[in-house]
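First up is the structure itself, then whatever we jot down about it.
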Amino acid sequence: MNIQFAVSDDRIFLLEVNPRASRTVPFVSKATGLPLAKIAARIMAGKTLRELGVTEDPEPKFVSAKEVVLPFIKFPGVDILLGPEMRSTGEVMGIDYTMGMAFAKSQIAAGNRVPTEGTVFLSLNNRDKGMMGSLGKELIDLGFKILATEGTAKTLNAQGLSVETVFKVGESRPNVVDRIINGDVDWIINTPMGSDSKYDERAIRRTALERGLPTMTTLAAARAAILGIRAMRNGTGTVRSLQEYHAEFATPAALAKE
C-alpha cells in the first residue's frame with residue numbers, strides 16, 4: 001500500500017491509503033488493451049482466466065512510455081532530486097512504434113521540452129563516468145556542443161571528443177551557473193552524487209529549473225532523450241487514438257461483455 005501522511009504541529013494526519021497498483025494497473029491496461037481491473041473483479045467473483053478468454057500475454061505492436069508530472073517550479077528553493085516526499089501531480093503516457101518517439105511524446109505531454117540542438121552541459125558522478133559509453137559521441141553526432149566540468153571533460157577528451165571545460169561554482173568566474181544564466185546552455189545532464197549532493201550541483205539544477213531548461217539526472221533518461229531527438233528529427237511520429245493502436249491486435253471478445 002502507498003500511504004500519504006501530513007505532519008503539522010507534531011500531529012500526524014493520514015491523507016490516503018492506495019494500493020501500489022493504483023497507477024500501474026491503468027497504465028498497463030491502456031498499454032495492452034486489457035481492462036485489468038475488470039478482469040480482476042470478475043475473477044474475484046468466481047470467473048477463471050480461461051472463461052474470460054485471457055490465456056496468453058498480449059503483445060502490443062507499439063511502445064508505451066509513462067512520465068510523471070513534477071511541477072518543481074511551484075516549490076521555491078527545492079532541488080529536483082526525488083525523495084520520499086509526494087511531489088507529482090499526475091502522470092502522462094506516450095505511445096508510438098519506437099521507444100524514441102514514445103519517450104518524446106511522454107515528455108511533450110508532461111510539459112517537458114526536449115532539445116533538438118544547442119549546447120549540453122554534461123557533469124557526471126564518478127560511477128557514471130565509467131558507464132557513460134558513447135553518450136558524448138552520440139550528442140556530438142547529433143550536432144550538440146558539450147560543456148563539461150573538469151572531471152567529465154577529461155573522460156570525454158580521452159575518447160577523442162572536443163569539449164569545452166567550465167568552472168564549477170566557487171572555482172572561478174564565469175562558472176557553470178553563470179553560463180546557464182547567460183543563455184549559453186540548452187540542456188543539462190547532471191547525475192548527482194547522492195543525498196549529499198554538492199552545493200554547485202543543487203545550484204545548477206535549480207537555476208536550470210527557473211529558466212525552463214530540460215534537466216536529466218540519470219544516464220538512462222539521457223539515452224532515452226537521444227532516441228527521442230532522433231525520432232523527432234526523422235518525423236516518424238503519428239497521432240492516433242488508443243482504439244486505433246489496439247485494433248492492431250485482438251482483445252478477447254468476452255471482456256467486452258458487461
Count the heavy atoms of every other residue, nucleotide or ligand shown that sit under 6.0 Å from [atom1] of [X], and state whether that count exceeds 12.
{"X": "Asp57", "atom1": "CG", "value": "no"}
{"X": "Glu150", "atom1": "CD", "value": "no"}
{"X": "Met1", "atom1": "CE", "value": "yes"}
{"X": "Glu244", "atom1": "CD", "value": "yes"}

Once rounded to the nearest 0.5 Å, what's the spacing between atom [atom1] of [X] and atom [atom2] of [Y]?
{"X": "Glu117", "Y": "Leu142", "atom1": "CD", "atom2": "CG", "result": "11.5 Å"}
{"X": "Leu213", "Y": "Asn112", "atom1": "CG", "atom2": "CG", "result": "12.5 Å"}
{"X": "Arg223", "Y": "Leu139", "atom1": "CZ", "atom2": "CG", "result": "10.5 Å"}
{"X": "Ile95", "Y": "Leu242", "atom1": "CD1", "atom2": "CG", "result": "4.5 Å"}
{"X": "Met232", "Y": "Ile229", "atom1": "CE", "atom2": "CD1", "result": "6.0 Å"}
{"X": "Glu67", "Y": "Ile108", "atom1": "CD", "atom2": "CD1", "result": "12.0 Å"}

Pairing residues for [X] by the side chain to side chain donor-acceptor pair (under 3.5 Å) criterion, not counting sequence neighbours:
{"X": "Arg11", "result": "none"}
{"X": "Arg240", "result": "Tyr97, Glu248"}
{"X": "Thr116", "result": "none"}
{"X": "Arg179", "result": "Glu164, Asp184"}

Do any N or O atoms from the side chain of [X] and from the backbone of [Y] form a donor-acceptor pair under 3.5 angstrom?
{"X": "Thr119", "Y": "Lys145", "result": "no"}
{"X": "Asp128", "Y": "Met131", "result": "no"}
{"X": "Ser29", "Y": "Leu36", "result": "yes"}
{"X": "Ser106", "Y": "Phe103", "result": "yes"}
{"X": "Tyr245", "Y": "Phe62", "result": "no"}

Pairs where residues 2-31 contributes a residue and the test ring pair (Phe, Tyr, Trp, His ring centres under 6.0 Å) is met, not counting sequence neighbours: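 Listed once each, the pairs would be none.
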
Does anything in residues 135-157 form a ring pair (Phe, Tyr, Trp, His ring centres under 6.0 Å)? List the pairs, not counting sequence neighbours.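 For residues 135-157: Phe144-Trp187.
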
Under a 4.5 Å cut-off applied to non-hydrogen side-chain atoms, are [X] and [Y] in contact?
{"X": "Thr191", "Y": "Arg127", "answer": "no"}
{"X": "Leu49", "Y": "Ile39", "answer": "yes"}
{"X": "Thr207", "Y": "Val176", "answer": "no"}
{"X": "Val166", "Y": "Asp178", "answer": "no"}
{"X": "Val7", "Y": "Ile12", "answer": "yes"}
{"X": "Leu227", "Y": "Thr98", "answer": "no"}
{"X": "Ser64", "Y": "Met93", "answer": "yes"}
{"X": "Leu124", "Y": "Ile189", "answer": "yes"}

Under the salt bridge (Lys or Arg N to Asp or Glu O under 4.0 Å) rule, collect the residues that match up with [X], sequence neighbours excluded.
{"X": "Glu171", "result": "none"}
{"X": "Lys47", "result": "none"}
{"X": "Lys129", "result": "none"}
{"X": "Glu91", "result": "Arg23, Lys66"}

Checking Arg230 against Glu138 for the salt bridge (charged side-chain N to carboxylate O under 4.0 Å, His left out) test, could you report, in this order, the C-alpha distance in whole Å, the side-chain angles of both residues, the deciding distance, and whether it holds? CA-CA 10 Å; Arg230 287 176 178 157; Glu138 291 179 86; 3.4 Å; yes

Taking all heavy atoms of [X] and all of [Y], pick out the closest pair and write down the distance.
{"X": "Leu135", "Y": "Ala222", "value": "CD1-CB, 4.2 Å"}
{"X": "Gly33", "Y": "His246", "value": "N-CE1, 3.2 Å"}
{"X": "Ile140", "Y": "Ser162", "value": "CD1-O, 3.9 Å"}
{"X": "Thr155", "Y": "Met132", "value": "CG2-CE, 3.5 Å"}
{"X": "Ser123", "Y": "Thr152", "value": "CA-OG1, 3.6 Å"}
{"X": "Gly100", "Y": "Ala231", "value": "C-CB, 3.9 Å"}

Non-neighbouring partners of Phe167 that pass ring pair (Phe, Tyr, Trp, His ring centres under 6.0 Å), sequence neighbours left out: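 Here no residue qualifies.
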
List the residues meeting side-chain contact (heavy atoms from CB on, under 4.5 Å) with Ala153, not counting sequence neighbours, and say none if there are none.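 Ala153 satisfies side-chain contact (heavy atoms from CB on, under 4.5 Å) with Ala148, Asn157, Val163, Thr165 only.
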
